[in-house]
> 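Right, I'll just put the structure down here and ask away after.
The shown structure was predicted, so the numbers you read here are calculated from the model rather than taken from an experiment. Heavy atoms only: backbone and side chains are in, while hydrogens, waters and symmetry mates are out.
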Amino acid sequence: MDFLQYPQPLADLISSLARLPGIGPKTAGRLAFYLLQQPRISEDLAKAIVVANRDIRKCSICSNFTDRDPCALCQNTQRDLTALCVVEHPRDVVSLEKTREFKGVYHVLHGVLSPMDGIGPEQLTVDMLLKRLDGIKEVVMALNPTVEGEATSLYLARLLKPLGIRVTRIAHGLPVGGDLEYADEVTIARALEGRRQL
């Protein structure tokens with residue numbers, strides 16, 4: 001998008017906002033104008049970004065984002081230390097915790113294997129994962145059902161199974177309220193694979 005019609009600081013703000021995921025040039029422009037008209041919100045947002053960048057770090061145990069090390073989940077003595085759930089991103093931990101179903105601990109990979117993008121095991125936290133398996137009886141793969149997520153799950157399963165660790169995967173399939181008519185073949189196949197007795 002050509003920002004020559006805007007003053008340079010405004011063009012730079014629009015350009016920076018447009019680099020955020022899910023924000024196109026038009027939305028970035030609307031956000032920039034809104035922020036300029038709401039200086040208090042702009043200041044609060046700027047401070048929050050600076051503080052988050054300064055204070056948030058990766059937990060030395062699970063690699064989740066935290067403001068203290070180890071994180072609150074790793075410090076919680078009520079968690080089941082024999083069950084470990086592997087996720088792609090810190091936001092996935094939050095999603096799983098909202099269900100209140102998983103009582104174990106987590107490990108955040110910070111991505112998935114993607115040779116096309118130059119992401120191998122070295123770019124992820126695979127080494128950290130392998131170093132924390134003492135006492136772990138089950139590893140639950142909760143990676144997104146993408147080609148890369150499936151490849152990463154299979155790669156990790158090949159590393160873990162010889163160690164005598166049970167490797168499971170969260171079920172994939174139709175969402176609650178979903179309609180068979182609009183589901184793709186892979187989703188329906190996964191739903192059939194994960195069927196269980198009523």
Side-chain angles (χ1 to χ4, degrees), residues 19-24 49 52-53 55-76 79-163 165-176 178 183-191 193-194:
R19 292 194 329 230
L20 295 172
I23 305 291
I49 292 170
N53 278 318
D55 294 349
I56 298 297
R57 56 191 174 276
K58 292 179 184 175
C59 174
S60 60
I61 298 172
C62 71
S63 201
N64 193 11
F65 285 151
T66 183
D67 60 347
R68 59 183 174 176
D69 193 22
C71 71
L73 288 171
C74 288
Q75 286 184 27
N76 186 341
R79 305 295 295 200
D80 177 3
L81 300 179
T82 66
L84 181 124
C85 183
V86 177
V87 298
E88 288 181 37
H89 302 289
R91 64 181 174 261
D92 300 330
V93 173
V94 175
S95 296
L96 287 164
E97 278 298 288
K98 284 181 182 176
T99 69
R100 300 178 187 262
E101 289 295 320
F102 184 70
K103 307 299 183 198
V105 291
Y106 294 92
H107 187 83
V108 182
L109 292 174
H110 290 277
V112 287
L113 297 174
S114 180
M116 299 280 286
D117 297 320
I119 301 172
E122 306 79 27
Q123 284 71 44
L124 306 176
T125 61
V126 174
D127 285 343
M128 282 179 68
L129 171 64
L130 297 176
K131 289 176 185 171
R132 62 180 295 216
L133 297 175
D134 192 34
I136 299 292
K137 294 180 181 174
E138 179 184 10
V139 172
V140 180
M141 297 295 168
L143 306 180
N144 290 318
T146 61
V147 171
E148 294 86 359
E150 292 294 313
T152 305
S153 293
L154 291 173
Y155 171 80
L156 292 174
R158 279 196 296 265
L159 294 177
L160 299 172
K161 283 182 181 178
L163 303 174
I165 296 171
R166 181 175 179 236
V167 180
T168 59
R169 175 183 83 179
I170 60 170
H172 298 142
L174 295 170
V176 173
D184 62 272
E185 292 84 8
V186 174
T187 301
I188 294 173
R190 288 283 162 76
E193 279 174 30

> Please report, to 0.1 Å, the donor-acceptor pairs under 3.5 Å made by any side chain of residues 145-154, with sequence neighbours excluded.
from: Thr146; atom 1: OG1; to: Gly149; atom 2: N; distance (Å): 2.9
from: Glu150; atom 1: OE1; to: Arg169; atom 2: NH1; distance (Å): 3.1
from: Thr152; atom 1: OG1; to: Leu113; atom 2: N; distance (Å): 2.8
from: Thr152; atom 1: OG1; to: Glu148; atom 2: O; distance (Å): 2.7
from: Ser153; atom 1: OG; to: Gly149; atom 2: O; distance (Å): 3.1

> Look only at the side chain of Gln75 and the backbone of Pro70, and say whether a donor-acceptor pair between them is shorter than 3.5 Å.
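Yes, the answer is positive, given that a donor and an acceptor are paired below the 3.5 Å cut-off.
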
> Test of understanding: with side-chain contact (heavy atoms from CB on, under 4.5 Å), list the residues that count as partners of Ala72, not counting sequence neighbours.
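Scan of Ala72 (side-chain contact (heavy atoms from CB on, under 4.5 Å), adjacent residues dropped) gives Arg68.
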
> Tell me every residue that passes side-chain contact (heavy atoms from CB on, under 4.5 Å) with Leu159, counting only those two or more places apart in sequence or in another chain.
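In terms of side-chain contact (heavy atoms from CB on, under 4.5 Å), with neighbours along the sequence ignored, Leu159 is linked to Val126, Leu130, Tyr155, Leu156.
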
> Are Leu84 and Val140 close enough, and set up right, to give a side chain to side chain contact (heavy atoms under 4.5 Å, CB included), and what steps lead you there?
CA-CA 6 Å; Leu84 181 124; Val140 180; over 6 Å; no

> Taking all heavy atoms of Ile61 and all of Met128, pick out the closest pair and write down the distance.
O-CE, 3.7 Å

> Please name all residues satisfying side-chain contact (heavy atoms from CB on, under 4.5 Å) with Lys161, sequence neighbours left out, ordered by chain then number.
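Partners of Lys161 by the side-chain contact (heavy atoms from CB on, under 4.5 Å) criterion, ordered by chain and then number, come out as Ala157, Val167.
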
> Name all pairs fulfilling the salt bridge (charged side-chain N to carboxylate O under 4.0 Å, His left out) condition that reach into residues 98-113, sequence neighbours left out, sorted by first residue then second.
none

> Can you list everything that forms a side-chain hydrogen bond (donor to acceptor under 3.5 Å, both in side chains) with Asp184? Sequence neighbours excluded, please.
Thr187

> Provide the full list of ring-ring contact (aromatic ring centres under 6.0 Å, His included) pairs with a residue in residues 79-102, sequence neighbours left out, each pair given once.
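Passing the test, one end in residues 79-102: Phe102-Tyr106.
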
> Suppose we screen for side-chain hydrogen bond (donor to acceptor under 3.5 Å, both in side chains). Which residues come up paired with Asn76, at least two apart in sequence or across chains?
none

> Listed by chain and number, what are the ring-ring contact (aromatic ring centres under 6.0 Å, His included) partners of His110, not counting sequence neighbours?
Phe65

> How about Thr66 and Asn64: does a side-chain donor come under 3.5 Å of a side-chain acceptor?
no

> Could I get the full list of salt bridge (Lys or Arg N to Asp or Glu O under 4.0 Å) partners for Arg166, not counting sequence neighbours?
Glu138

> Is there side-chain contact between Glu97 and Thr99, with at least one heavy-atom pair below 4.5 Å?
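They are not in side-chain contact.
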
> Starting at OG of Ser114, measure out to CG of Leu124 and round the result to the nearest 0.5 Å.
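The distance works out to 9.5 Å.
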
> Show the nearest heavy-atom pair for residues Lys58 and Ser63, with the distance to one decimal.
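Minimum heavy-atom contact is CD-OG, 3.6 Å.
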
> Does any pair with a residue in residues 118-131 pass side chain to side chain donor-acceptor pair (under 3.5 Å), and if so which ones, sequence neighbours excluded?
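Sorted pair list: His107-Thr125.
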
> Heavy atoms, side chains only, cut-off 4.5 Å: are Leu143 and Val86 in contact?
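Yes, their side chains come closer than 4.5 Å.
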
> Under 3.5 Å, side chain of Asp117 to main-chain N/O of Ile119, donor-acceptor pair present?
no

> Could you tell me the separation between the CG atom of Leu81 and the CD1 atom of Ile136, rounded to the nearest 0.5 Å?
7.0 Å

> So Leu160 and Met141, do their side chains get closer than 4.5 Å, heavy atoms only?
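They are in contact (side-chain heavy atoms under 4.5 Å apart), so the answer is yes.
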
> Step by step, would you call Leu73 with Val93 a side chain to side chain contact (heavy atoms under 4.5 Å, CB included)?
CA-CA 10 Å; Leu73 288 171; Val93 173; 3.6 Å; yes

> Test of understanding: with side-chain contact (heavy atoms from CB on, under 4.5 Å), list the residues that count as partners of Ala142, not counting sequence neighbours.
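For Ala142, the residues satisfying side-chain contact (heavy atoms from CB on, under 4.5 Å) (neighbours in sequence not counted) are Cys85, Val87, Leu96, Ile170.
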
